[in-house]
Amino acid sequence: MLSVSIVGGSGYVGGELLRLLLGHPHVEVRQVTSERLAGQYVYSTHPNLRGRTELRYSPQSSLEPCDVLILALPHSSAAKNIEHYAGLGQAIIDCSADFRLRDPEAYSRWYGEKHPAPHWLERFVYGLPELYREQIRSTRYVSGVGCNATAINLALLPLVKAGLIDQTKPVVAEVKVGSSEAGAVANDGSHHAERSGVVRSFAPVGHRHTAEIMQAHGLENVHISITSVEMVRGALATCHVFTQGSVNERDLWRAYRAAAAEQPFLRIVHDRSGLHRHPEPKILAGSNYADIGWALDEATGRVVALCALDNLMKGAAGAAIQCLNLMHGFEETVGLEFTGLHPV
Amino acid sequence: MLSVSIVGGSGYVGGELLRLLLGHPHVEVRQVTSERLAGQYVYSTHPNLRGRTELRYSPQSSLEPCDVLILALPHSSAAKNIEHYAGLGQAIIDCSADFRLRDPEAYSRWYGEKHPAPHWLERFVYGLPELYREQIRSTRYVSGVGCNATAINLALLPLVKAGLIDQTKPVVAEVKVGSSEAGAVANDGSHHAERSGVVRSFAPVGHRHTAEIMQAHGLENVHISITSVEMVRGALATCHVFTQGSVNERDLWRAYRAAAAEQPFLRIVHDRSGLHRHPEPKILAGSNYADIGWALDEATGRVVALCALDNLMKGAAGAAIQCLNLMHGFEETVGLEFTGLHPV
Amino acid sequence: MLSVSIVGGSGYVGGELLRLLLGHPHVEVRQVTSERLAGQYVYSTHPNLRGRTELRYSPQSSLEPCDVLILALPHSSAAKNIEHYAGLGQAIIDCSADFRLRDPEAYSRWYGEKHPAPHWLERFVYGLPELYREQIRSTRYVSGVGCNATAINLALLPLVKAGLIDQTKPVVAEVKVGSSEAGAVANDGSHHAERSGVVRSFAPVGHRHTAEIMQAHGLENVHISITSVEMVRGALATCHVFTQGSVNERDLWRAYRAAAAEQPFLRIVHDRSGLHRHPEPKILAGSNYADIGWALDEATGRVVALCALDNLMKGAAGAAIQCLNLMHGFEETVGLEFTGLHPV
Amino acid sequence: MLSVSIVGGSGYVGGELLRLLLGHPHVEVRQVTSERLAGQYVYSTHPNLRGRTELRYSPQSSLEPCDVLILALPHSSAAKNIEHYAGLGQAIIDCSADFRLRDPEAYSRWYGEKHPAPHWLERFVYGLPELYREQIRSTRYVSGVGCNATAINLALLPLVKAGLIDQTKPVVAEVKVGSSEAGAVANDGSHHAERSGVVRSFAPVGHRHTAEIMQAHGLENVHISITSVEMVRGALATCHVFTQGSVNERDLWRAYRAAAAEQPFLRIVHDRSGLHRHPEPKILAGSNYADIGWALDEATGRVVALCALDNLMKGAAGAAIQCLNLMHGFEETVGLEFTGLHPV
Amino acid sequence: MSAQCPECEGTIALAADILDGEIVPCPDCGAELEVVSLNPVVLELAPEVEEDWGE
Amino acid sequence: MSAQCPECEGTIALAADILDGEIVPCPDCGAELEVVSLNPVVLELAPEVEEDWGE
Ligand SMILES: NC(=O)c1ccc[n+]([C@@H]2O[C@H](COP(=O)([O-])OP(=O)(O)OC[C@H]3O[C@@H](n4cnc5c(N)ncnc54)[C@H](OP(=O)(O)O)[C@@H]3O)[C@@H](O)[C@H]2O)c1
Ligand SMILES: NC(=O)c1ccc[n+]([C@@H]2O[C@H](COP(=O)([O-])OP(=O)(O)OC[C@H]3O[C@@H](n4cnc5c(N)ncnc54)[C@H](OP(=O)(O)O)[C@@H]3O)[C@@H](O)[C@H]2O)c1
Ligand SMILES: NC(=O)c1ccc[n+]([C@@H]2O[C@H](COP(=O)([O-])OP(=O)(O)OC[C@H]3O[C@@H](n4cnc5c(N)ncnc54)[C@H](OP(=O)(O)O)[C@@H]3O)[C@@H](O)[C@H]2O)c1
Ligand SMILES: NC(=O)c1ccc[n+]([C@@H]2O[C@H](COP(=O)([O-])OP(=O)(O)OC[C@H]3O[C@@H](n4cnc5c(N)ncnc54)[C@H](OP(=O)(O)O)[C@@H]3O)[C@@H](O)[C@H]2O)c1
Ligand SMILES: [Zn+2]
Ligand SMILES: [Zn+2]
């Protein structure tokens with residue numbers, strides 16, 4: 001049994017990690033930290049876990065060594081204490097943005113401050129198995145992924161791999177997101193009467209995840225925009241791409257099949273009939289699938305590349321466990337079997 | 001023109017009062033207070049009013065005399081300063097619970113503390129025109145109504161008036177409520193990811209509005225329960241009553257028609273077909289109607305008495321303006337003409 | 001491996017059965033029927049199952065013998081053809097209401113028609129393991145349960161078992177339900193713009209599940225009311241009961257612990273703090289738990305007994321699989337491990 | 001008093017027209033048609049109008065002459081019978097797409113069939129007062145507007161007028177829409193359990209409203225995409241535009257102010273603080289405002305141009321009444337005073 | 001001209017040219033009513049199919 | 001080691017090194033309990049501020 005501890009276990013990513021790890025056959029959850037709630041049962045904040053565990057939150061000060069330490073802390077907390085965490089965990093998976101970018105310059109540009117531990121950046125592998133599976137298998141340090149970045153990266157993956165994108169034209173990506181992306185802490189904007197039913201431009205320009213897309217795909221001319229909608233979990237990326245040369249449905253089927261082959265969590269959704277012709281986030285709540293698909297406007301050469309996922313799963317905790325599996329030679333899908341619900 | 005000022009204008013009741021008063025032909029809004037936001041434009045917090053007014057929030061310290069002062073403050077703020085407010089407003093309408101109960105003993109019992117200004121209790125009339133229209137016409141001091149209390153009081157009104165209730169059996173009232181009942185201040189429970197989609201027993205027993213129902217209808221054996229559901233505005237009271245003697249549909253039609261006659265904001269909804277057979281809150285958002293109806297189980301003598309309303313309208317601000325109209329000899333419905341939307 | 005076929009597999013209960021059975025380690029799904037969609041892939045209607053199975057719908061005419069036949073058909077279809085189905089399946093689990101009542105008279109009274117196969121009624125055991133576990137272990141025929149009935153039956157179970165209910169006073173049960181209760185077929189009332197955001201009295205009196213509560217608990221003076229709210233899955237029963245003799249919190253803890261002991265899917269939720277003090281349906285989507293709890297009004301002796309569940313799980317498909325496990329000597333919880341999500 | 005009749009009065013646009021006309025001081029509603037519901041009270045389908053009118057639906061066969069006939073029929077019904085309708089109404093406002101395009105060729109291209117009455121196209125003015133106010137004032141025939149088209153057209157209006165758009169780069173417009181756009185008739189996709197909570201790519205490419213944008217603004221390189229979200233009323237257009245030359249915030253303020261000047265229903269929403277920094281549809285339900293705003297990415301020259309509106313108001317019925325007012329010399333805003341709700 | 005609804009006792013305004021056998025809805029309770037005689041006007045509940053209006 | 005919750009009579013497992021004055025939550029009812037004596041362990045309800053948890 002692998003011993004795993006979660007730092008920042010009272011948050012939404014932390015709770016999802018805990019749910020997954022409690023059901024993971026090769027893992028024993030050692031400790032779960034929260035400063036605010038130290039001593040409380042974890043199900044006081046994660047009510048779905050009532051009856052599943054008698055674990056209580058520990059403060060970080062009582063953390064013990066373990067095989068894997070998973071960090072689910074706010075921005076910059078991991079980077080500031082990375083030496084300390086590296087002394088506790090044989091391996092580290094950090095869900096924050098702290099170690100996602102390889103280039104310290106890019107970090108400064110997008111995060112507006114110098115990276116606190118720049119020499120650690122090269123030790124981390126970006127935790128997107130669809131791009132970096134082999135590197136993940138052989139590293140001890142994995143960074144998590146941005147949830148919106150992942151939706152866009154996976155939406156674009158087939159087109160990038162197949163070289164179909166006309167990079168002289170802008171790639172415009174609109175992501176529609178749920179409220180859990182913002183984490184568990186209440187604020188004025190998350191007050192139900194204000195947040196409920198919105199279609200709210202949350203980050204129409206300037207979203208930091210742009211850097212992860214540039215890094216992953218080498219695209220320069222990419223423009224993203226995030227809109228909050230009525231949903232708790234889930235994200236849908238709608239990416240507008242113009243192709244080079246003329247492209248037809250069969251070309252796209254080929255590109256998508258090539259990209260999804262051997263990827264246990266990529267499903268192609270592109271149906272000619274029925275209600276579910278395109279990827280949709282709601283049926284993915286709790287599942288680690290990323291559903292990908294497209295629509296083609298032959299007249300203009302525009303491809304609308306789509307990806308739906310659960311931001312707390314494939315966009316955070318699920319991706320982390322997928323990496324944990326790869327790092328330890330487990331079946332890539334173990335502990336991630338839940339297929340999602342319908343209707344829901 | 002009547003000069004009216006709103007104290008506590010940045011809250012949800014305050015905002016609704018302001019919306020109504022800006023559209024009221026006989027009223028000029030003098031001042032709107034907020035301590036927190038003094039100096040800001042009122043549409044910074046009430047975005048629907050953008051383009052409708054250039055008013056800015058005043059602090060209470062700069063309040064000037066006016067014809068009517070409407071108080072929309074948290075519990076006990078009005079009672080503590082009532083002498084001060086009475087010095088400013090020729091008339092006062094207080095939306096809080098501070099002056100709803102006539103009996104200081106009842107106040108202590110339900111609110112767990114002595115009333116700060118018990119001699120003022122008798123000067124206030126309870127602001128439910130369906131019961132106290134004539135008293136409201138001739139008073140300077142009106143208390144607002146509890147939103148859940150109003151839903152229950154109006155649901156039961158026809159049965160009480162017609163003497164149909166078997167008072168030896170419990171009256172059980174379940175109210176389903178939206179999130180705006182709790183006001184504009186965020187807390188852990190109002191965080192969207194937690195509050196969204198709930199069916200949450202908020203006050204299964206012990207709700208203070210019970211006192212207002214006992215007072216209004218003289219019922220002793222009444223038991224209420226509040227459940228929060230996914231909705232921002234609105235409340236539906238589902239009241240289970242056992243009749244004395246046998247009662248049929250026609251008896252109930254007579255009782256309801258008698259109760260609704262001459263009541264401009266009571267509508268009977270009891271349809272044999274279609275989707276809208278019973279009262280429903282969603283079509284009432286923004287309107288001052290209280291829709292009432294029933295279902296009868298002849299076999300057991302149970303009547304399920306229903307009332308739907310908008311908690312911020314008939315349950316608070318709308319009722320206040322209705323009282324203002326009565327107090328000043330205006331048409332009772334003026335400024336309250338909005339009929340609600342469908343679909344919505 | 002047990003071979004299991006689902007009749008009526010394109011509906012919501014059928015889809016949930018299929019999801020559970022595909023993940024069940026001791027079961028092989030043999031056939032899934034739909035007349036309308038015969039030949040189509042099951043994931044055309046159950047999009048969450050894409051990538052999990054290549055099964056296609058069969059027409060009933062091509063049904064083959066199997067170990068267990070699970071019926072998920074509309075009212076009265078099972079009863080009319082029970083001989084036929086009994087010829088195909090070694091064991092039968094029928095999710096409809098056709099075989100829930102033991103007494104043909106009760107059936108006629110509540111369903112308004114004579115039972116098509118009354119002699120079969122005594123062969124079926126009512127599929128609520130919390131009451132009939134031993135009988136279920138040793139029968140070949142199990143009826144499903146009403147989802148609302150189950151929410152009420154489990155809410156009342158601790159009080160009934162402990163003999164705490166004053167049966168001279170009415171028991172009033174209000175169930176708040178989601179839209180999936182009505183199944184997969186669209187109608188005017190399920191049109192999104194009409195159904196969205198409702199608090200709609202769907203069956204304020206006369207709901208047929210009353211018969212199942214009378215039968216299970218021997219209560220006569222029970223009155224139920226169903227209200228549709230904004231939710232897809234889930235039900236919350238709020239049952240108002242008056243106790244005989246005076247009862248305190250500790251008495252109730254004892255009654256609830258006694259009822260929940262040895263029941264793998266009953267969890268007591270009764271917390272003094274936090275957001276999740278009472279049972280709530282939303283965190284149960286996809287899980288087989290029924291969360292039970294209460295609120296006590298000592299002054300009046302009213303207990304508000306609560307039960308939350310997922311209507312498609314503990315209220316239908318989950319309960320069916322739980323029975324299947326019991327009938328075949330499997331671990332009662334196998335295939336039903338999913339714990340529910342939070343936030344959601 | 002102007003006598004006005006509504007053809008297709010039982011639909012969602014018809015119901016909204018009726019709500020507005022009943023509150024319009026210079027209008028008398030003569031007849032409201034529905035074939036399906038002839039003889040029924042209009043409030044049987046528009047429950048918000050209960051108590052406001054005793055009108056009953058007429059069949060079209062009993063339509064009488066009137067001053068203005070407003071058509072709210074499905075696609076192509078108006079065009080096929082336009083001569084007949086022109087014989088009944090002195091003036092006609094048609095809410096469908098039948099008379100929106102001036103060019104019969106464009107009609108054939110986007111609607112896939114020849115226009116049934118091409119010579120009528122030139123007699124109609126496109127009912128967007130922000131572009132065609134003077135023509136509307138002096139015509140008898142006005143076409144309605146596409147709701148998505150209007151959101152995009154008004155979002156782009158300031159940039160087009162100011163000549164800021166680099167037309168060599170694609171304009172990509174993503175519209176997020178509610179369920180009422182699809183009208184009142186239930187179908188499989190509108191079934192609540194399926195439609196609820198979606199983020200569903202409804203028309204990622206090929207949406208017909210593209211033609212209205214090309215026509216209104218003379219843009220060729222425009223690409224639209226429609227995504228259904230959880231909402232009943234409302235649309236938000238998020239339009240990605242690249243500017244020619246470098247543009248700063250002040251340039252944009254100037255362009256937006258110029259476009260909104262003298263436009264009673266355009267509000268600029270572009271705030272540096274607070275929750276409501278950008279246009280949002282939810283506060284516009286029932287109101288005729290179109291809120292416009294933007295976000296600028298100076299580094300790339302991308303402007304995200306936003307417009308929120310209520311599809312049934314500024315996107316259909318409200319726009320129609322605004323035209324009616326202009327055609328008859330009434331104050332442009334009369335009958336359209338409702339300002340929208342908050343919270344909601 | 002008016003008549004009474006047999007279901008809810010509501011008053012129903014009737015057109016002067018109402019016909020025998022015509023169906024009119026009650027404005028209050030929504031019942032479908034048939035004109036079964038004209039002088040005086042008598043209304044009876046028209047036979048209805050019970051709609052399934054929900055879950 | 002274990003003790004009983006004074007609120008709900010639930011059994012509370014206690015660490016061997018529990019301290020006098022320590023606060024432990026009850027796993028069943030969520031009550032905050034104070035260790036008021038050690039041999040035997042006695043728990044009492046800790047003073048709580050009544051949270052406002054909703055509307
Ligand atoms: N939410 C998503 O969809 C998502 C997706 C991808 C990645 N991520 C990333 O995952 C990380 C966690 O996100 P989340 O949504 O789970 O956030 P969250 O719900 O706000 O949780 C934050 C966690 O960090 C702890 N924490 C907060 N401030 C701390 C401090 N100063 N020192 C130590 N611990 C502290 C909190 O514990 P206490 O109880 O002690 O406050 C809590 O356990 C973030 O970096 C986020 O960017 C999130
Ligand atoms: N919401 C309902 O459905 C409803 C229905 C019926 C009756 N009511 C009653 O109406 C009243 C207002 O409710 P609400 O929902 O509008 O509440 P709310 O949204 O919380 O607003 C409260 C208002 O009071 C002000 N305020 C808060 N604390 C104050 C203090 N210590 N001194 C002075 N001003 C203070 C706030 O102004 P700042 O900006 O300065 O903080 C704000 O304007 C309450 O008494 C409530 O019980 C509410
Ligand atoms: N939904 C719930 O929450 C719930 C809970 C407890 C119990 N139940 C019970 O479970 C049963 C199924 O409910 P559901 O919600 O799944 O309903 P549903 O979604 O409407 O599905 C009904 C199924 O029955 C089939 N069917 C319909 N009419 C048929 C006919 N005349 N002959 C043969 N097959 C027919 C349909 O297949 P086609 O594709 O061929 O139309 C479909 O597979 C019902 O008896 C219901 O009362 C439901
Ligand atoms: N919904 C929107 O947001 C929106 C926005 C802008 C423009 N529009 C346009 O406005 C028009 C109406 O839209 P809607 O959403 O109100 O649609 P709807 O809800 O489906 O209503 C359609 C209306 O047309 C009638 N009708 C249907 N088929 C008919 C036929 N064959 N002959 C005569 N009457 C028929 C219906 O009456 P019966 O009762 O007799 O069936 C109903 O009154 C459409 O052209 C639509 O494109 C809609
Ligand atoms: Zn009637
Ligand atoms: Zn306890």
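Predicted model, so just to flag it, every value in this text is computed and none were measured. To find a chain, count down the sequence lines: A is the first, B the second, and so on, and within it residues start at 1.
The contact between D:H223 and chain A is made by backbone and side chain atoms together, counting heavy-atom distances below 4.5 Å. For a residue to count as touching a neighbouring chain, one of its non-hydrogen atoms must lie under 4.5 Å from one of that chain's; by this rule D:T300 touches chain A with the side chain only. With a 4.5 angstrom heavy-atom cutoff, D:V344 touches chain A only via backbone atoms. Both the backbone and the side chain of D:V199 come within contact range of chain A, each with at least one heavy atom under 4.5 Å from a heavy atom of that chain. Contacts between D:I283 and chain A at a heavy-atom distance below 4.5 Å are absent for every atom of the residue. If you measure heavy-atom distances from A:H191 to chain D, you find no contacts under 4.5 Å at all.
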| request: Let me see the working for A:T238 and D:S225 under side-chain contact (heavy atoms from CB on, under 4.5 Å), right down to the final yes or no. | output: CA-CA 9 Å; A:T238 310; D:S225 176; 4.0 Å; yes

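The choice from A:G206, A:S196, A:A235 that makes the most heavy-atom pairs within less than 4.5 Å of chain D is A:S196. Between chain A and the residues D:P204, D:A295, D:P343, the largest count of heavy-atom pairs under 4.5 Å involves D:P204.
Closest heavy-atom contact between A:L306 and D:S201: CD2-OG, 3.4 Å. Residues A:K176 and D:K176 come closest through the heavy atom pair CD-CD, 3.9 Å.
A heavy-atom distance below 4.5 Å is found between the side chains of A:E194 and D:H342. Side chains of D:L236 and A:T227 form a contact here, defined as non-hydrogen atoms less than 4.5 Å apart.
Annotation: D:F202, atom CZ; neighbour count of heavy atoms from other residues, nucleotides and ligands within 6.0 Å does not exceed 12.
For the atom pair A:H240 NE2 and D:I224 CD1, the distance stands at 10.5 Å (nearest 0.5 Å).
Using a 4.5 Å cut-off between non-hydrogen atoms, the part of residues 268-280 of chain A that approaches chain D consists of A:L275, A:H276, A:H278, A:P279, A:E280.
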